[in-house]
Amino acid sequence: MSDTVTYRPPIFSLQRVWTLASSTFTQLVRMKTFYFLAVFAVLVIAASNLNLLYTPVQQLKVIRETSLGAMSIFSWLFAISATAVLIPRDLEDRTLYTILSKPVPRLEYLVGKLMGVLLVIGVALALMYAFFSVILYFQEYRIISNEMAHMAQNPRYTDQDRASEAAMIAAYGPDLNLLIAVLAVFLKSAVLAAVAMLVSTFASSSLFTIIISTVIFLIGHFHKMATDFWVVEQQGGMITRILGEILVLVIPDFQIFNIADSVSGGQTVSLNLVTQMSALALMYVAIFTIASWFLFSDKEF
Amino acid sequence: MKKYFMVIVLLLVSGMLRVPWEKQLTGQLTEEGLLLAPPGETLREQLGQSATLAALGGLRSLVSIYMVLHAHEAWQMTDWETVERDYRMITTLEPRDVDNWIKGGWHMWANASASVEVDESIPLGLREKLRQQYIDKGIEFLQQGIKNNPATAKPWLELGFVLREKKKDFCAAAEVYREANKRPDAPAYTIRFVGYLSALCPGKEREAYDYLRALYDQGEKHRRLPSVIASLKELEEKLDIPLIQRIPEIHPEVLRRERAEKQKKRLPAGIHIK
């Protein structure tokens, strides 16, 4: 009777995925990704000193809008470019062979890589959020003090008016609701990174991945509008209608995540909508990861 | 090839599942004011390709900030057509930012109107016409701002000011302040302005008197300000209110004159105050 025990690695291990994700995180950090934060800081400070005859509320809104805009641009660029270089880089460094020669399923490799990218985006967004919240806090304090001093000189204003003005300005200061805007930016980037990963599994070069992912990203912002235009306004034929429908079915709708502007303008978002948006993003990421796995599963290197 | 086919089938099938959900979610987000309608054809033409793409990509605010910078530069060059066009775009991009409507309106009714008034390159007869046109444009901006932001008093207050100072239409201004006063963010002085302006509106003197008297009778400190007393005193004269019903205070202007007279007497010879 043999007493040999055969070790069977688990089919899917979160620990292995985490190892891959953390090494990807380190790999991306070493690419000096976080240097962008210095540019972000300069931009936010510049925005906070920009005053084109702005009202007190507008001064704070400009900081919020510029910061969220910069965060969006950073996360989209990063989602596309970092995901595009990951697999080719692993191939170039021959790390890919080392990893795949071990009992690591290819799905885990892809999920780990994607998680690493998302981790960098998440950490960067959190740092940027913290930074601009601090700036907003100090600016809010300064603006309210100035405004109160100004109103105190005018007998026309009552204590109630002053309190109301202070509350109105404070509504545009640092706010937990802004975290939802940051989450929406993150979700959009997560979907974009998943799309870029799918493209990179069949792409011949990183440049190809970047170009195709960018094109998909752009189409994903207006394909519904364009399809409506072709089909309804231009009364396109059957072929146009079918092509339009295919486009809408295959390409993600990135417009749905564009709520940062409204949240920055003071709109509140219900928990139900946040949950639905997160679930939709998760669905996109899952579908594109499975599709990437189909193409990557028996790819020869 | 088979794998590529499988991927396309996967994307199509999952698309069929998610598109109805997305439609419903988009509807909810639009209903709650979180998603704005995409830029219309006219706005797309005005914005140009890159700005349209940025606006579609969720960077409306950034495009708007850029447009404000552009308008600011045009304002310094007194290029009013550009200022107007830019603010029309800004307000279309961010219709719920009430400050943009107010700023766009202000550029028109205050800056552009004053600028054409002193512009010597424009024939004299045309200047007044243009001035009025710019004031009307400013009013239109404010009315649109009200339509897009019905809950706040800010554009109402601005409109009241323009009607009062630039159009001298006190009757309309009084009604505008009355509307502003219905908003929770209206400053306390708005309530008095309804009275002051009604007092200047021909035919509304009695109504104005009753309104201001009611404020005065409430006795709160800020409602017995010199302006309230002055308006009441003038209306008492105009409406010939019986002496017994008149308020006990003296007209603030009379008080001021008396004080000045007394001071004048105390001053050494040769020194005068106005």
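Keep in mind that the numbers below use all heavy atoms, side chains included, and drop hydrogens, waters and symmetry copies. Protein chains get the first letters and strands the later ones, always in sequence-line order, with residue 1 at the start of each.
When each of B:Val19, B:Val7, B:Asn100, B:Ile8 is scored by its heavy-atom pairs under 4.5 Å with chain A, the top score falls to B:Val7. For the set A:Leu273, A:Ile259, A:Leu198, A:Ile290, the entry with the most heavy-atom pairs within less than 4.5 Å of chain B is A:Leu273. Annotation: maximal heavy-atom pairing with chain A below 4.5 Å, among B:Thr26, B:Leu29, B:Thr30, occurs at B:Leu29. Interface summary for chain B: among A:Gln276, A:Arg64, A:Lys61, the most heavy-atom pairs under 4.5 angstrom belong to A:Gln276.
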- After noting the C-alpha distance and the side-chain angles of A:Ile73 and B:Leu59, does the key distance pass the side chain to side chain contact (heavy atoms under 4.5 Å, CB included) rule? CA-CA 9 Å; A:Ile73 292 172; B:Leu59 298 173; 4.0 Å; yes

- Task: May I have the step-by-step check of side chain to side chain contact (heavy atoms under 4.5 Å, CB included) for A:Gln255 and B:Glu22, ending in yes or no?
- Result: CA-CA 10 Å; A:Gln255 275 281 8; B:Glu22 275 176 2; over 6 Å; no

- Task: Assess whether side chain to side chain contact (heavy atoms under 4.5 Å, CB included) is satisfied between B:Tyr4 and A:Phe294, documenting all intermediate values.
- Result: CA-CA 8 Å; B:Tyr4 285 102; A:Phe294 274 171; over 6 Å; no

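If you check the side chains of A:Ser297 and B:Lys3, you find a donor sitting under 3.5 Å from an acceptor. A donor-acceptor pair shorter than 3.5 Å cannot be found between the side chains of B:Asp185 and A:Ser164.
More than 12 heavy atoms of other residues, nucleotides or ligands sit less than 6.0 Å from atom CD of B:Glu165.
With a 4.5 Å cut-off on side-chain heavy atoms, B:Leu11 and A:Phe288 count as touching. Side-chain atoms of A:Gln267 and B:Glu32, non-hydrogen and from C-beta on, never get closer than 4.5 Å to each other. A:Gln160 places none of its side-chain heavy atoms less than 4.5 Å from the side chain of B:Pro187.
Neither the backbone nor the side chain of B:Tyr66 has a heavy atom closer than 4.5 Å to any heavy atom of chain A. For B:Gln76, no part lies under 4.5 angstrom from a heavy atom of chain A. In this structure, the portions of B:Leu34 lying under 4.5 Å from any heavy atom of chain A include both its backbone and its side chain. Proximity to chain A is absent for every atom of B:Ile102, based on heavy atoms less than 4.5 angstrom apart.
In terms of heavy atoms, A:Ile256 sits closest to B:Leu25 at CD1-CD2, 4.0 Å.
The main-chain N or O of A:Leu249 is found under 3.5 Å from a side-chain atom of B:Arg18 such that the two form a donor-acceptor pair.
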